[in-house]
Amino acid sequence: MACSPNYAPPFSQCFLSPRSQQDIERDEQIYSSYEKLTSQLPIFNEWPPYSLQHYQSFWITAMFIPACMAIQSHFNPRPSDILLVTSPKSGTTWLKALSFATLHRHSFSLSDHPLLSNTPHQCVPFLEYLFSHRTIPDLNVLPSPTIFAAHLPFPLLPRSALSCRIVYLCRDPKDTFVSLWHFLEKSRISLSTEDKSEGLDLNKAFQLFSQGMAPGGPFWDRVLGYWKESLRRPGKVLFLRYEEMMEDPVCHLKKLAEFMGCPFSTEEEKNGVVEDIVKLCSFDNLRELKVNKDNKASLEDKRPPPSSFFRKGKVGDWVNYLSMEMAESLDAITKEKLHGSGLSFESSTVLP
Ligand code: A3P
């Protein structure tokens, strides 16, 4: 396969090494078997533009299931690599920018930074896209460490993923839902061609989300998977919350850097390097960049436009969309599902 145009270097390198006819046929066979398995899974088409399929107890975006299977069998990160995992709409874009800028802070100046001309998603690719090209990417050609991202629930991660460090970011389910609803609606509009499918109204979408039927859902099972693993292996899984990062980004960036194995030195802290990175990656800064304002979706791989990843960037925006009854209902489900785990979203339910 030729290199994918969607990956800024060096990710295109994963597809460039010469491959024998045998390798090509092997990958063809692998992906054909994954597609066959995928076609047998229960499918759900009610929340456009992406179909969901029920795979290993989670609702996964259908077009990524063969890639998930490929990740499960062929993702072998190095211990130095870092895997960012999030629930969709929990601040993935922000976490990608912060970790990329932190890890590579000695390589780039802030005035000529890759994040000024590439989206955070180009700097840190989703494994689900990297493995969706009917070719097993050769990740060993990438510099060590490399940062990858994924939306995969913990039970779906291969055991090999546990050799690297994992950062998990979650967000209050009410804001996650509202952000998701807007995102899917914007994606539907920008991806629709002749097929003018109707959008899903907020009330119906809310019912589905509450029943666990959302990309990567049920929301609670996914969060609990990483929460429990972060308690079991705190040195290997860092559990972060969007609301806490918004409240004190400097403190959380220091924590993130330390976890990633590249702590800020006293000298760097004195020179304001942490604050500089927080500023570079802030919502207001990233959203205004030409590359992130791009409104064009990629129809070929159904990729939503870069602009759809930047909406409001606020804590508590749910209050503008959900009735108090809806909020109470989702809070009650969350309380029940997380009961006894030590995890709670109660403190993040702050009215703006
Ligand atoms: P809202 O829709 O509530 O505004 P993801 O990156 O996981 O897709 O999540 C998208 C959410 O993160 C959106 O939330 C988006 O606005 C917000 N976001 C994007 N970049 C951000 C940043 N730099 N800082 C804070 N929030 C950000």
Side chain to side chain, [X] and [Y], heavy atoms closer than 4.5 Å:
{"X": "L224", "Y": "F154", "answer": "no"}
{"X": "F131", "Y": "P137", "answer": "yes"}
{"X": "P158", "Y": "I71", "answer": "yes"}
{"X": "E275", "Y": "L253", "answer": "no"}
{"X": "L84", "Y": "L169", "answer": "no"}
{"X": "P49", "Y": "S187", "answer": "yes"}

Problem set entry | Partner residues of T86 under the side chain to side chain donor-acceptor pair (under 3.5 Å) criterion, sequence neighbours left out |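 Only T92, H151 meet the side chain to side chain donor-acceptor pair (under 3.5 Å) criterion with T86.
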For this session: Please determine if R303 forms a cation-pi arrangement with Y129, meaning its NZ or CZ atom is less than 6.0 Å from the six-membered ring centre and no more than 45° off the ring axis.
Result: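 Ring-cation test returns yes.
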Exercise. Quick one: is the NZ or CZ of R171 closer than 6.0 Å to the six-membered ring centre of F177, and within 45° of its axis?
Worked result: no
Looking only at atom types and distance, does a side-chain atom of [X] sit under 3.5 Å from a main-chain N or O of [Y], one as donor and one as acceptor?
{"X": "Y50", "Y": "K302", "value": "yes"}
{"X": "D27", "Y": "I136", "value": "yes"}
{"X": "D317", "Y": "V178", "value": "no"}
{"X": "W220", "Y": "L338", "value": "no"}
{"X": "T135", "Y": "H133", "value": "yes"}
{"X": "Q72", "Y": "L156", "value": "yes"}
{"X": "T119", "Y": "Q122", "value": "yes"}
{"X": "K236", "Y": "S163", "value": "yes"}

Any salt bridge (Lys or Arg N to Asp or Glu O under 4.0 Å) pairs touching [range], not counting sequence neighbours?
{"range": "residues 49-78", "answer": "R78-D81"}
{"range": "residues 99-120", "answer": "R105-E268"}
{"range": "residues 213-229", "answer": "E229-R232, E229-R233"}

Exercise. Hey, is K255 close enough to E258 for a salt bridge, meaning N to O under 4.0 Å?
Worked result: no
For this session: Given side chain to side chain donor-acceptor pair (under 3.5 Å), test N295 with S307 step by step and report yes or no.
Result: CA-CA 6 Å; N295 263 320; S307 61; 2.6 Å; yes
Exercise. Is the number of heavy atoms from other residues, nucleotides or ligands within 6.0 Å of CD (E288) greater than 12?
Worked result: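 Atom CD in E288 is crowded, with more than 12 foreign heavy atoms closer than 6.0 Å.
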Exercise. Counting heavy atoms not belonging to H339, are there more than 12 under 6.0 Å from its NE2?
Worked result: no
Take the angle between the ring planes of [X] and [Y] and call it parallel below 30°, perpendicular above 60°, tilted in between.
{"X": "Y321", "Y": "H182", "value": "perpendicular"}
{"X": "F126", "Y": "H121", "value": "parallel"}
{"X": "F75", "Y": "F148", "value": "perpendicular"}

For this session: Determine, step by step, whether H54 and F58 satisfy the ring-ring contact (aromatic ring centres under 6.0 Å, His included) criterion, reporting the C-alpha distance in whole Å, the side-chain angles of both residues, the deciding distance to 0.1 Å, and the verdict.
Result: CA-CA 6 Å; H54 206 231; F58 287 90; 8.2 Å; no
Problem set entry | salt bridge (charged side-chain N to carboxylate O under 4.0 Å, His left out) between K296 and D294, worked out | CA-CA 6 Å; K296 222 166 122 230; D294 186 354; over 6 Å; no
Exercise. Can you list the steps and then say if K174 with D331 is a salt bridge (charged side-chain N to carboxylate O under 4.0 Å, His left out)?
Worked result: CA-CA 8 Å; K174 298 187 292 306; D331 282 345; 2.8 Å; yes
Exercise. Which residue pairs pass the ring-ring contact (aromatic ring centres under 6.0 Å, His included) test when at least one of the two sits in residues 240-275, sequence neighbours left out?
Worked result: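 Sorted pair list: W94-Y242.
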Contacts under 3.5 angstrom, residues 36-46 side chains, donor-acceptor by atom type, not counting sequence neighbours:
unit_1	atom_1	unit_2	atom_2	d
T38	OG1	Y34	O	2.7
S39	OG	K36	O	2.6
N45	OD1	S51	OG	2.5

